[in-house]
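Here the structure comes first, spelled out in structure tokens, and everything after it is commentary.
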Amino acid sequence: MANPPLIILTGAGISAESGLATFRGHGGLWAGHKVEDVATPQAFARDPEMVHGFYNARRAQLRDPAVQPNPAHHALARLVAAWPAPALLVTQNVDDLHHRAMPDQLDRLLPMHGSLRRIRCTRCSQVADWEDDLATDTPCPGCGNTGGLRPDIVWFGEMPMGMDRIEAALEQCRLFLSIGTSGLVYPAAGFVAALSGVARTVELNLEPSAGSHLFDEAHHGPATEVVPRFVD
Ligand SMILES: CC(C)NC(=O)[C@H](Cc1c[nH]c2ccccc12)NC(=O)[C@H](CCCC/N=C(/NCCC(=O)O)S[C@H]1O[C@H](COP(=O)(O)OP(=O)(O)OC[C@H]2O[C@@H](n3cnc4c(N)ncnc43)[C@H](O)[C@@H]2O)[C@@H](O)[C@H]1O)NC(=O)OCc1ccccc1
């Protein structure tokens, strides 16, 4: 089958060369924080200002003109745009670099862990685009209440977004590319095992990931080199 149904999974590694820290690498996001201290509903209940601080800092990075989609993001945008069969780019990243690289293909992009540029009100469930810092006294643009706004991001212990669509795509997937992810966080880390023997599975990563042995093929190196080389 020339162009089989395609799923691309990306992680923090694809945005590393755009200047955004990964989670586990040297100086990674978790370096300064214990994950359960910042990316869990319990942490938010315990110390919302600390959690807002963590996400405000990352949201501010996206406003830095130096932070732009890189050749790996653009190569995937070309691939998805030209793919004649079903194609879905599932990203674990909450940055908006894929969005910026493929503004005309957003129907083929699924940010399964949410977005830094969206907020959600836990009082009225309104979801809104958001650029600036967030604080506990920020009123909800919908219901006006304060103290209820949180980043529209999936924290540990919470159900990822779009799982129905992802499971449907996994059913028919015959080519799976995994890019810039350590393969340590589930359910994303379980996709390759679910496709083993059904789809051709390819890892493009700086180094072997935790699930590297499960892939049919692997090309290791910086995403801005290995992704365009694989795509073009
Ligand atoms: C730590 C782990 C063991 N824990 C989990 O997986 C948990 C619990 C769990 C569930 N199932 C399990 C099964 C077994 C064990 C545990 C679990 N999972 C959950 O809680 C999930 C929710 C998890 C989501 C949490 N939120 C994130 N992000 C948003 C927040 C935020 O961003 O602050 S996760 C966050 O961490 C993960 C980080 O991983 P990576 O992106 O891969 O980044 P990392 O730094 O680790 O690695 C970077 C890689 O890039 C490479 N690299 C670096 N530079 C480059 C470069 N230049 N070029 C190429 N590659 C490069 C490096 O070599 C490296 O390999 C990403 O997913 C990221 O989104 N929810 C859930 O399970 O709900 C119920 C459910 C039930 C049924 C069906 C569905 C759900």
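Just follow the structure's listing: the first ligand is 1, and inside any ligand the first atom is 1.
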Open item on the list: For the 3.5 Å polar cut-off, considering only N or O atoms, please tell me whether Gly11 and ligand 1 meet it.
Closed with: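 Not met; the criterion fails.
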Open item on the list: Are any of the N/O atoms on Val154, whether in the backbone or the side chain, positioned under 3.5 angstrom from an N/O atom of ligand 1?
Closed with: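 N/O-N/O distance under 3.5 Å: yes.
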Look at [atom] and find which of [options] reaches it with the closest heavy atom.
atom                    : options                        : value
atom 48 (C) of ligand 1 : Ala223, Gly180, Pro151, Pro187 : Gly180
atom 32 (O) of ligand 1 : Met112, Arg58, His113, Glu158  : Arg58
atom 21 (C) of ligand 1 : Phe156, Tyr186, Trp155         : Tyr186
atom 47 (O) of ligand 1 : Pro111, Ser182, Gly183         : Ser182
atom 51 (C) of ligand 1 : Asn205, Ile14, Asn70           : Asn205
atom 53 (C) of ligand 1 : Ala12, Gly13, Gly190, Pro222   : Gly13
atom 36 (O) of ligand 1 : Val185, Thr224, Leu116, Leu184 : Val185

Measuring from atom [atom1] of [X] to atom [atom2] of [Y], what distance do you get when rounded to the nearest 0.5 angstrom?
X      : Y      : atom1 : atom2 : result
Glu225 : His220 : CD    : NE2   : 14.0 Å
His73  : Asp96  : NE2   : CG    : 9.5 Å
Leu62  : Arg117 : CG    : CZ    : 5.5 Å
Leu149 : Cys124 : CG    : SG    : 8.0 Å
Thr10  : Asn205 : OG1   : CG    : 11.0 Å
Glu203 : Phe176 : CD    : CZ    : 9.5 Å

Proximal atoms of ligand 1 relative to [X] (non-hydrogen, under 4.0 Å):
X      : result
Thr181 : 40 (P), 42 (O), 49 (C), 50 (O), 65 (O)
Glu207 : 62 (C), 63 (O)
Glu17  : 56 (C), 57 (N), 58 (N)

Task: Salt bridge present between Glu131 and Arg63 (N-O < 4.0 angstrom) - done: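 Salt bridge: no.
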- [ ] Determine, using heavy atoms of Ser209 and all atoms of ligand 1, whether some pair is separated by less than 4.0 Å.
- [x]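 Ser209 does not count as a contact of ligand 1 under the 4.0 Å cut-off.
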Open item on the list: Does the residue Pro160 have a heavy-atom contact with ligand 1, meaning some pair of atoms that are separated by less than 4.0 Å?
Closed with: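 So Pro160 counts as touching ligand 1.
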Proximity to ligand 1 by part of [X], non-hydrogen separation under 4.0 Å:
X      : result
Ile153 : side chain
Gln92  : both
Val94  : side chain

Open item on the list: If hydrophobic clusters are built by linking Ile, Leu, Val, Met, Phe, Trp and Tyr wherever their side-chain heavy atoms come under 4.5 Å apart, do Leu6 and Phe191 end up in the same one?
Closed with: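 As far as the 4.5 Å side-chain criterion goes, Phe191 and Leu6 are not connected within one cluster.
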Open item on the list: For residues Leu9 and Leu175: do they belong to one hydrophobic cluster (side chain heavy atoms under 4.5 Å, members Ile, Leu, Val, Met, Phe, Trp, Tyr)?
Closed with: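 In one cluster: no.
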Open item on the list: Check the orientation of Phe44 and His52. Use parallel for under 30°, tilted for 30 to 60°, and perpendicular for over 60°.
Closed with: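 If you compare the ring of Phe44 with that of His52, the planes turn out perpendicular.
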- [ ] State which residue, out of Thr224, Asn70, Asp64, fulfils the side chain to side chain donor-acceptor pair (under 3.5 Å) condition with Ser18.
- [x]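 Testing Ser18 for a side chain to side chain donor-acceptor pair (under 3.5 Å) against Thr224, Asn70, Asp64 leaves exactly one candidate, Asn70.
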